[in-house]
S.K.: 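Quick one: the structure is below, and I'll ask about it shortly.
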Number of protein chains: 2
Amino acid sequence: MSANPYCYKYPRPALTADCVVFATAEDEGLQLLLIRRGGEPFRGQWALPGGFVNMDEDLHAAALRELEEETGFHPARLEQIGAYGRPDRDPRGRVITIAFLALVRRPDDPVRGGTDAEEAAWFPADQLPPLAFDHALLIEDARAMLRQRIRREPIGLDLLPQAFTLSQLQSVYEAALGAPLDKRNFRKKILRFDVLKELTGRRQTGHQRPAQLYAFDRAAYKRLQKQGIDFEC
Amino acid sequence: MSANPYCYKYPRPALTADCVVFATAEDEGLQLLLIRRGGEPFRGQWALPGGFVNMDEDLHAAALRELEEETGFHPARLEQIGAYGRPDRDPRGRVITIAFLALVRRPDDPVRGGTDAEEAAWFPADQLPPLAFDHALLIEDARAMLRQRIRREPIGLDLLPQAFTLSQLQSVYEAALGAPLDKRNFRKKILRFDVLKELTGRRQTGHQRPAQLYAFDRAAYKRLQKQGIDFEC
DNA sequence: TCAAAAGTGTTTACCATACACCCATGT
DNA sequence: ACATGGGTGTATGGTAAACACTTTTGA
């Protein structure tokens with residue numbers, strides 16, 4: 001920077017990237033990944049995973065790196081929500097954060113903490129603890145974005161394993177939208193797009209009738225998009 | 001900042017706010033406001049109006065201020081599009097910009113330049129000159145956002161005077177969506193919401209049959225929203 | 001009388017919605 | 001046998017889309 005003849009002389013804010021990471025759990029609805037802060041300010045409080053962007057690092061890359069460092073997760077999807085920059089949002093001074101929406105499959109084993117994070121844990125998205133900074137606001141916006149996006153793009157699949165049942169998929173939609181859906185109508189709508197292919201294997205979910213497994217057919221989805229048909233579910 | 005015990009020591013990027021300002025013109029489709037840069041880098045090239053965010057200034061406020069300084073415009077609407085931060089997007093070094101979508105009524109008199117802007121001018125959104133930085137990308141995203149938003153919220157009205165004809169409103173939608181619409185269907189759909197009220201005066205658009213003028217009924221729209229009915233046009 | 005835009009209804013096809021019962025399995 | 005979730009079809013109402021002519025004015 002200092003070698004560059006055009007280097008700006010203006011005062012500069014600090015820049016962070018934060019991730020709003022959602023997953024779903026069977027019968028427990030939408031889950032949110034939080035970390036307990038290991039440093040000041042807000043030490044010991046719950047907050048979104050995230051941290052400072054390096055000077056030669058893309059915003060997405062920074063969000064991914066921080067998430068990996070603090071929680072070990074690699075999201076299937078990471079989309080920008082927006083920039084949050086109220087002058088008083090950080091007690092240390094001017095800090096702008098770029099928020100990202102991340103969707104992951106929730107693993108069975110508990111999450112571990114990492115750099116700058118004493119602890120990481122999943123919370124039901126409707127029962128969150130008090131949060132550091134303006135993170136409650138970022139989460140609200142992330143949920144709104146998820147609600148909108150899941151109806152127009154097949155991003156719900158990022159929350160499931162490669163092979164899944166229609167009931168699981170329906171649960172994901174119900175968790176994301178926060179409303180129950182009609183089983184028959186849901187199946188009709190989603191199958192009409194022809195982007196799910198039946199897997200010949202079946203599977204036992206325990207002690208009920210085994211359910212048909214499906215996988216997402218990415219090629220078929222691309223074909224739909226090219227035809228300009230918009231997936232709306 | 002420096003008085004604050006928690007002040008960050010990380011290297012910091014510079015922070016700017018840029019505005020993608022759209023208007024519509026009769027029979028000319030969607031128009032975009034650009035300025036010709038008065039300083040390096042990209043001196044003399046066309047670019048979005050915008051500039052540095054002050055350290056105690058909200059992002060929206062910064063965008064508004066810069067727009068006012070460079071072009072004299074006060075948009076009816078200013079919404080954040082997102083943050084753009086590729087490390088190589090500015091030859092001077094690391095500069096993050098927050099992009100905003102602004103909608104204005106295009107005045108009859110030509111626009112003036114201002115601080116840091118030799119010149120300001122309207123361009124048809126489909127025939128833009130070469131642009132500085134990654135501004136072509138911001139504009140593409142802004143158009144996508146406009147297309148989506150105009151179908152769910154009555155923001156098209158921000159592009160029109162208080163009293164307008166249904167034909168004018170239809171032109172706005174056609175310009176924003178980039179597609180022709182059926183006149184009868186458009187009128188039916190938009191009038192069904194009961195958010196436009198007829199003004200008793202009429203008006204002569206020149207030398208054809210005079211058209212009915214309408215005004216937006218903000219109270220009626222608020223009522224709709226409370227009922228949870230979503231405006232979709 | 002002509003040009004130019006304003007204004008107006010009906011038909012059709014599709015899709016969202018609502019709704020209830022039988023099936024396959026494990027215990 | 002029964003409990004549990006898996007799986008299926010139909011009827012109805014509403015709305016998006018397609019479509020063409022008459023009206024009013026100024027020139």
Side-chain angles (χ1 to χ4, degrees), chain A residues 24-29 150-152 160-161 163-175 177 179-215 224 227-233, chain B residues 24-29 147 150-152 160 163-175 177 179-215 224 227-233:
Chain A
T24 51
E26 311 263 347
D27 299 328
E28 291 176 70
I150 204 170
R151 302 193 45 143
R152 318 204 126 263
L160 290 174
F164 52 87
T165 67
L166 292 182
S167 296
Q168 287 176 314
L169 186 58
Q170 182 175 344
S171 300
V172 164
Y173 274 80
E174 289 175 329
L177 298 172
L181 299 173
D182 180 86
K183 185 165 49 161
R184 281 173 289 190
N185 293 336
F186 178 78
R187 285 166 187 241
K188 260 181 294 180
K189 224 195 292 195
I190 207 116
L191 289 176
R192 183 139 34 85
F193 290 107
D194 261 329
V195 295
L196 299 186
K197 53 174 185 285
E198 288 192 11
L199 300 178
T200 39
R202 299 183 137 243
R203 95 133 189 219
Q204 345 268 59
T205 50
H207 46 133
Q208 312 87 6
R209 174 174 174 178
Q212 175 65 53
L213 285 170
Y214 290 85
L224 261 194
Q227 286 167 37
I229 293 166
D230 56 330
F231 184 85
E232 184 147 353
C233 200
Chain B
T24 50
E26 312 262 346
D27 299 327
E28 292 175 70
R147 271 195 302 273
I150 204 170
R151 301 193 46 141
R152 317 202 126 266
L160 289 174
F164 52 87
T165 66
L166 291 182
S167 296
Q168 286 176 314
L169 186 58
Q170 183 176 343
S171 300
V172 164
Y173 274 80
E174 288 175 332
L177 299 172
L181 298 174
D182 180 86
K183 185 163 50 158
R184 282 171 290 190
N185 292 337
F186 178 78
R187 283 165 189 241
K188 259 181 294 179
K189 225 196 291 195
I190 207 116
L191 290 175
R192 183 141 33 88
F193 288 108
D194 260 331
V195 295
L196 299 185
K197 53 175 186 284
E198 288 190 10
L199 300 177
T200 39
R202 298 185 135 243
R203 95 136 191 218
Q204 345 269 57
T205 49
H207 47 131
Q208 312 85 5
R209 174 174 175 178
Q212 176 64 53
L213 285 170
Y214 289 85
L224 260 194
Q227 286 168 37
I229 293 166
D230 56 329
F231 184 85
E232 184 145 353
C233 202

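Residue numbers start from 1 in every chain, and the chains themselves are labelled A, B, ... in the order their sequence lines are given, proteins ahead of strands.
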S.K.: Please identify each residue that fulfils side chain to side chain donor-acceptor pair (under 3.5 Å) with A:Glu232, with sequence neighbours left out.
M.R.: A:Arg152

S.K.: Give me, pair by pair, the N or O atoms of the protein and of nucleotides 18-22 of chain D that are less than 3.5 Å apart, along with how far apart they are.
M.R.:
unit_1, atom_1, unit_2, atom_2, d
D:dA18, N7, B:Asn185, ND2, 3.0
D:dA18, N6, B:Asn185, OD1, 3.1
D:dA18, N6, B:Lys188, NZ, 3.3
D:dC19, N3, B:Arg184, NH2, 3.3
D:dC19, N4, B:Asp182, OD2, 3.3
D:dC19, N4, B:Arg184, NE, 3.3
D:dA20, N1, B:Arg184, NH1, 3.3

S.K.: With respect to the phosphate group of D:dG5, does any side-chain polar atom (N or O) of A:Ser167 fall under 4.0 Å of OP1 or OP2?
M.R.: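 So the side-chain polar atoms of A:Ser167 never come under 4.0 Å of the phosphate oxygens OP1 or OP2 of D:dG5.
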
S.K.: Going by heavy atoms closer than 4.0 Å, what residues in residues 189-197 of chain B are next to DNA chain C?
M.R.: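 Correct list: empty, so none.
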
S.K.: Does anyone know the first and last nucleotide of DNA chain C in reach of chain A, 5' to 3', at under 4.0 angstrom to a heavy atom?
M.R.: C:dA16 to C:dG26

S.K.: Round to the nearest Å and state the distance from B:Ile229 atom CD1 to D:dT15 atom P.
M.R.: 11 Å

S.K.: Show me the side-chain donor-acceptor pairs of residues 163-172 of chain A shorter than 3.5 Å, one per line, residues at least two apart or across chains.
M.R.:
unit_1, atom_1, unit_2, atom_2, d
A:Thr165, OG1, A:Gln168, N, 3.1
A:Ser167, OG, A:Arg187, NH2, 3.3
A:Gln168, OE1, A:Thr165, N, 2.9
A:Gln168, NE2, A:Glu26, OE2, 3.1
A:Gln170, NE2, A:Glu174, OE2, 3.2
A:Gln170, NE2, A:Leu181, O, 2.9
A:Ser171, OG, A:Ser167, O, 3.0

S.K.: Which residues satisfy the side chain to side chain donor-acceptor pair (under 3.5 Å) test with A:Lys183, sequence neighbours excluded?
M.R.: none

S.K.: Kindly write out the residues that satisfy ring pair (Phe, Tyr, Trp, His ring centres under 6.0 Å) with A:Phe186, not counting sequence neighbours, or none if the list is empty.
M.R.: A:Tyr173

S.K.: Between B:Glu232 and B:Gln208, who's closer to the 5' end of DNA chain D by nearest nucleotide?
M.R.: B:Glu232

S.K.: Which donor-acceptor pairs under 3.5 Å do the side chains of residues 189-201 of chain B make with protein atoms, sequence neighbours left out?
M.R.:
none

S.K.: Got a sec, which residues hit side-chain contact (heavy atoms from CB on, under 4.5 Å) with B:Arg147, two or more places apart in sequence or on another chain?
M.R.: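 In terms of side-chain contact (heavy atoms from CB on, under 4.5 Å), with neighbours along the sequence ignored, B:Arg147 is linked to B:Arg143, B:Ala144, B:Leu177.
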
S.K.: With B:Gln212, which residues qualify under side chain to side chain donor-acceptor pair (under 3.5 Å), at least two apart?
M.R.: none

S.K.: How many angstroms lie between CD in B:Gln227 and CG in B:Leu224, if you round to the nearest 0.5 Å?
M.R.: 6.0 Å

